[in-house]
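Everything below concerns the one structure shown next.
Values below: all heavy atoms of this structure, side chains included; hydrogens, waters and symmetry mates excluded. Remember, predicted model here, so these are calculated numbers, not experimental data. We're numbering straight along the sequence, starting at 1.
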Amino acid sequence: MRPAPTILHLDMDAFYASAEQAAKPSLRGKAVVVGGLGPRGVVATASYEARVLGVHSAMPTAQARRLAPNAAYLVPRFQLYRSVSEQVMELLGRLSPLVEPLSLDEAFVDLEAGGAADDSASARRTGERLRTAIRAVTGLSGSVGLAGSKMLAKIASEQAKPDGLVLIEPGTERELLAPMPVRTLPGVGPATGDHLRRAGMTTVHDLAEAGEDELVRLVGKAHGRGLYRMALGLDDRPVVAERDAKSVSVEDTFDVDLHDRVRVRAEVERLAVRCVERLRAAHRSGRTVVLKVRRYDFSTLTRSETLRGPTDDPTVVREAAARLLEAVDTTGGVRLLGVGVTGLADFTQEDLFAQAADARELAGRARDPEPERQAPESGTEGTGPAEEEPESAEQLAARRWPAGHDVHHAAHGRGWVQGSGVGRVTVRFEEPGGPVGRVRTFRIDDPELTPADPLPLVRDPVDYSSWPASLPKSRSGPVSAAGEESRP
């Protein structure tokens, strides 16, 4: 624990949904849900207007539609979110060399390491100025927590939501934590929380009173000791600038189970290429290829193959994933497929051509030459899987024109897709920072309508090249006992 609250935790408020509201003037102040829109889709983020109606992340989209039928349901635009995240992370990097990103919208910062703060007053000023800078550059709000440890800084940022700042003064940790539910502590999930509840422990105070020996008896040695330390407010974990990824993976859940073996293989190869794209974007290579298959009955199988050396060759990864698929029974249907690479390194196997040739040779040996793979003779019943039905016009339209994504029309300019179906696509023509736009409908094959890249959320962002010295200090509001800035 530090004697000063110089660890900062930033968490952007409803990041995906807030970015969509900022980009689309017609959605400001309205319920917005971002996530998968198919029958098996899951909510990624919901705006605060949607959360009031009971919608939350990880909820099935079908359930969200029942709770908020009038909300705007949008497909994620990760290109936009990554762009905004890079702007935010650059601001954080100017505060300190020790920035630990946890996701696109969340990070820890060691303010002391960058000389940005050394006591409560300077930490608060830095946090306030950071929030001002983020809004000026991105148009979005973020909540800031400040404390003497990572655990407490994250708890503080949760208390600060939305669009606030909470500072936990060193020495007040136990008093602050005592009445909080046990699920507040990191690592206490539903199962552990229920186990502790049955033992009569529902608050952090209960854990501290129970003592280390009792917690070890209930949840095991390592977890019990960690819980007891956290209940006392003790956390010595440093902010780590480089969080080394252990794997890179991609996966897709299908609205309708896949039965056609050829289609399944094609999807695996497509995912393998996407996985390699992510691998190369991270400037990494990998040694072990992993295939994940979730079948119609929700049973999940994983298969892996370790290569001769690390690679970022799409041919090698694609063919390894295809070989792994040969060992998996997909009879009955597949609802999810995933391809990943582990054993990451920052170099690649030098002899990639030889490795690719080896992969092709192994693939040839692995192919099953048995007669049942041939087409059945006329007049006999085939034993192979049923042929996959072709996609409907509505499915093709949804794939080409995802709800919420950017488009450009030769005559009407920039806009975004409100929805598609029955051979039509509906577009609202508006841009970030502009007025609410008009809605028009076109045929899905209109040659004048094309997909487009997202526009910046702020047209003329503040120049932060000399951040943090050049930005004016924010005016502090009255502060509560817990250190929370009051908000109107």
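T45 places no side-chain N or O within donor-acceptor distance of the main-chain N or O of V34, the cut-off being under 3.5 Å. In this structure, E106 contributes its side chain and P101 its backbone to no donor-acceptor pair below 3.5 Å. The main-chain N or O of Q79 is never found under 3.5 Å from a side-chain atom of S83 such that the two would form a donor-acceptor pair. Remark: side-chain polar atoms of W416 are not paired, donor with acceptor, to backbone N or O of V427 under 3.5 angstrom. Judged by distance alone, with hydrogens and angles left aside, the side-chain atoms of R287 form no donor-acceptor pair with the main-chain N or O of L344 at under 3.5 Å. Put simply, the side chain of R131 never gets that close to the backbone of S141: no donor and acceptor are under 3.5 Å apart.
Every residue meeting the side-chain hydrogen bond (donor to acceptor under 3.5 Å, both in side chains) condition with T426, not counting sequence neighbours, appears here in chain and number order: T441. In this structure, R303 has no side-chain hydrogen bond (donor to acceptor under 3.5 Å, both in side chains) partners at least two apart in sequence or on a different chain. Qualifying salt bridge (Lys or Arg N to Asp or Glu O under 4.0 Å) partners for D446, counting only residues two or more places apart in sequence or in other chains: none. By the side-chain hydrogen bond (donor to acceptor under 3.5 Å, both in side chains) test, T192 pairs with no residue at all, sequence neighbours left out. S157 is linked by a side-chain hydrogen bond (donor to acceptor under 3.5 Å, both in side chains) to H9, counting only residues two or more places apart in sequence or in another chain.
Salt bridge status for D257 with R295: absent, with no side-chain N to carboxylate O gap under 4.0 Å. Taking the charged nitrogens against the carboxylate oxygens, E277 and R274 have no contact shorter than 4.0 Å, which rules out a salt bridge. Taking a cutoff of 4.0 Å between a charged side-chain nitrogen and a carboxylate oxygen, R82 and E86 do not qualify as a salt bridge. Ion pair R414/D406 flagged as a salt bridge, since at least one NZ, NE, NH1 or NH2 atom sits closer than 4.0 Å to an Asp/Glu carboxylate oxygen.
Checking T306 against T288 by side-chain atom types alone, a donor-acceptor pair falls below 3.5 Å. Side chain to side chain, D13 and S143 meet the donor-acceptor criterion of an N or O pair below 3.5 Å. Neither side chain, T311 nor D313, offers a donor N or O lying under 3.5 Å from an acceptor on the other. A side-chain donor from one of R261 and T330 sits under 3.5 Å from a side-chain acceptor of the other.
Remark: aromatic rings of H259 and Y296 are distant, center separation not under 6.0 Å.
Listed by first and then second residue, the salt bridge (Lys or Arg N to Asp or Glu O under 4.0 Å) pairs that reach into residues 428-440 are E431-R459, sequence neighbours excluded.
A perpendicular orientation is assigned to the rings of Y81 and F78, their planes being inclined by more than 60° (bins at 30° and 60°). Between F442 and F429, the ring planes lie perpendicular to each other; the angle is over 60°, past the 30° to 60° tilted range.
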